[in-house]
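Structure record follows, encoded as structure tokens.
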Amino acid sequence: MSGSAFQDKAGAFAAGLMVQVAWPLLLIAACVLAAPVIGLAAGPQATQLSAAAWFVAAVGALTTLAFSMLILFDALLFRLMASHDNEAAGGAAIDDVLARMRLKPAPAATRSLDQRMAGTRRLLMKQRLAFALFVAASLVAAFL
């Protein structure tokens, strides 16, 4: 891939990832702020099922936040990759950073931008599933 097209693609993907980090955080914060109001409205009618649902919602929220932080880290790595002139140099820079941080051993061959994007898309799917669990459990807890 040529330098400009590669940089544009990596930069645009990094910017999209930043959005994917922000919206779940804002929605979870809004739900956490609304939880006491819902609790006051529900009053003493809380059941064991609703308590379990609140616990599952909390686990879903924490899992979503954890995946959001991983996606944020990936977005920063894609920005680093986009700052290089070509795909091979950008990929080598990411591999070097990950090896220096002792997160991954230095690979024998550098992965392409598309392969790296596919891995991040899998993280996005996991984040969305955790967020869906949070939303579903919150609705069950709020209306039971």
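- In this structure, F78 is a member of the same hydrophobic cluster as M101, with clusters built from ILVMFWY side-chain heavy atoms closer than 4.5 Å.
- Atoms CG and CG, on L103 and L77 in that order, are 9.0 Å from each other to the nearest 0.5 Å.
- By the 4.0 Å N-to-carboxylate-O rule, D114 lies close enough to K9 to be salt-bridged with it.
- Interatomic distance, CD1 of I94 versus CG of D74, reported as 8.5 Å (0.5 Å rounding).
- Here the closest heavy-atom approach between residue C31 and residue F134 is recorded as CB-CZ, 3.6 Å.
- The side-chain contact (heavy atoms from CB on, under 4.5 Å) search around T63 returns V59, F67, A130, not counting sequence neighbours.
- The two atoms that bring V140 and A53 nearest to each other are CG1-CB, 3.9 Å, heavy atoms only.
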**OP:** Dump the intermediate steps for side-chain contact (heavy atoms from CB on, under 4.5 Å) on F6 and D85, then the final yes or no.
**Re:** CA-CA 8 Å; F6 149 74; D85 292 332; over 6 Å; no

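- Applying the side chain to side chain donor-acceptor pair (under 3.5 Å) criterion to R128, with sequence neighbours excluded, gives Q20.
- At a threshold of 4.5 Å between side-chain heavy atoms, the hydrophobic network of Ile, Leu, Val, Met, Phe, Trp and Tyr places L76 and V19 in two separate groups.
- Contact between A75 and M18 at its shortest, heavy atoms only, is CB-SD, 3.7 Å.
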Original post:
Could you go step by step and tell me if L124 and L17 meet the side-chain contact (heavy atoms from CB on, under 4.5 Å) rule?
Top reply: CA-CA 9 Å; L124 283 168; L17 289 178; 3.9 Å; yes

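- Of all heavy-atom pairs spanning T64 and P24, the tightest one is CG2-CB, 3.8 Å.
- Connection of M125 to V21 is not established within any shared hydrophobic cluster, with ILVMFWY side chains joined at heavy-atom distances below 4.5 Å, either directly or through further cluster members.
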Original post:
Checking side-chain contact (heavy atoms from CB on, under 4.5 Å) for the pair T120/F13: CA distance, chi angles, key distance, verdict?
Top reply: CA-CA 10 Å; T120 301; F13 190 69; 3.9 Å; yes

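- Cluster annotation: L49 and L133 are assigned to distinct hydrophobic clusters (Ile/Leu/Val/Met/Phe/Trp/Tyr, side-chain heavy-atom contacts under 4.5 Å, transitive).
- Nearest heavy atoms, R79 versus A14: CG-CB, 3.6 Å.
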**OP:** Please test E87 against M81 for side-chain contact (heavy atoms from CB on, under 4.5 Å), starting from the C-alpha separation and ending with a verdict.
**Re:** CA-CA 7 Å; E87 188 173 345; M81 193 173 191; 4.1 Å; yes

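- Rounded to the nearest 0.5 Å, atoms CZ (R121) and CG (L123) are 12.0 Å apart.
- V135 and W23 fall within the same hydrophobic cluster, defined by Ile, Leu, Val, Met, Phe, Trp and Tyr side-chain heavy atoms under 4.5 Å apart, directly or through other members.
- Interatomic distance, D96 CG to L80 CG, rounded to the nearest 0.5 Å: 9.0 Å.
- Going from atom OG of S68 over to atom CZ of F131 covers 9.5 Å, rounded to the nearest 0.5 Å.
- Closest approach of M69 and L25 over heavy atoms only: CE-CD1, 4.2 Å.
- Using a 4.5 Å cut-off on side-chain heavy atoms (C-beta onward), Q127 and L65 make no contact.
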